[in-house]
Amino acid sequence: MLGTVLLVLAVLYFLSMWDMTPWSNDPVALMRTVGQASGAVGAISLVMIVFGLIGRNAPGGG
């Protein structure tokens with residue numbers, strides 16, 4: 001659950017910062033930094049989702 005929330009927040013952060021590039025002095029550096037940050041959070045959230053699915057018990061598995 002938390003992994004999914006983090007993934008959605010990472011995508012929303014990237015898209016919201018994309019709107020700010022016209023007002024930036026260096027839009028390339030801004031998007032590089034934003035991409036690295038949202039990519040790191042997105043990767044961590046995907047790992048959390050995978051481990052959450054692996055750790056889930058099978059239905060009726062005692």
Side-chain angles (χ1 to χ4, degrees):
M1 176 71 179
L2 180 62
T4 307
V5 171
L6 282 177
L7 185 61
V8 169
L9 287 176
V11 170
L12 289 175
Y13 174 69
F14 182 81
L15 293 176
S16 66
M17 290 301 286
W18 196 343
D19 290 338
M20 293 187 186
T21 54
W23 297 285
S24 174
N25 292 333
D26 192 357
V28 174
L30 172 71
M31 288 312 293
R32 185 177 296 132
T33 304
V34 168
Q36 288 176 348
S38 60
V41 172
I44 291 170
S45 69
L46 288 176
V47 169
M48 290 175 69
I49 291 170
V50 168
F51 280 136
L53 291 175
I54 291 173
R56 187 171 289 178
N57 292 334

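If you're wondering where the values come from, they're calculated on a predicted model, not measured in any experiment.
- Within the structure, the ring-ring contact (aromatic ring centres under 6.0 Å, His included) test picks out no pair touching residues 25-51 (sequence neighbours left out).
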Acceptor/donor pairs from residues 1-11 side chains to any protein atom, 3.5 angstrom cut, sequence neighbours excluded:
none

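- Residues in residues 17-49 take part in these ring-ring contact (aromatic ring centres under 6.0 Å, His included) pairs, two or more places apart or across chains: F14-W18.
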Using residues 29-48 as the side-chain source, report each donor-acceptor pair under 3.5 Å to any protein atom, sequence neighbours left out, with the distance given to one decimal.
from	atom 1	to	atom 2	distance (Å)
T33	OG1	A29	O	3.0
S38	OG	V34	O	2.9
S38	OG	G35	O	3.4
S45	OG	V41	O	3.4
S45	OG	G42	O	2.7

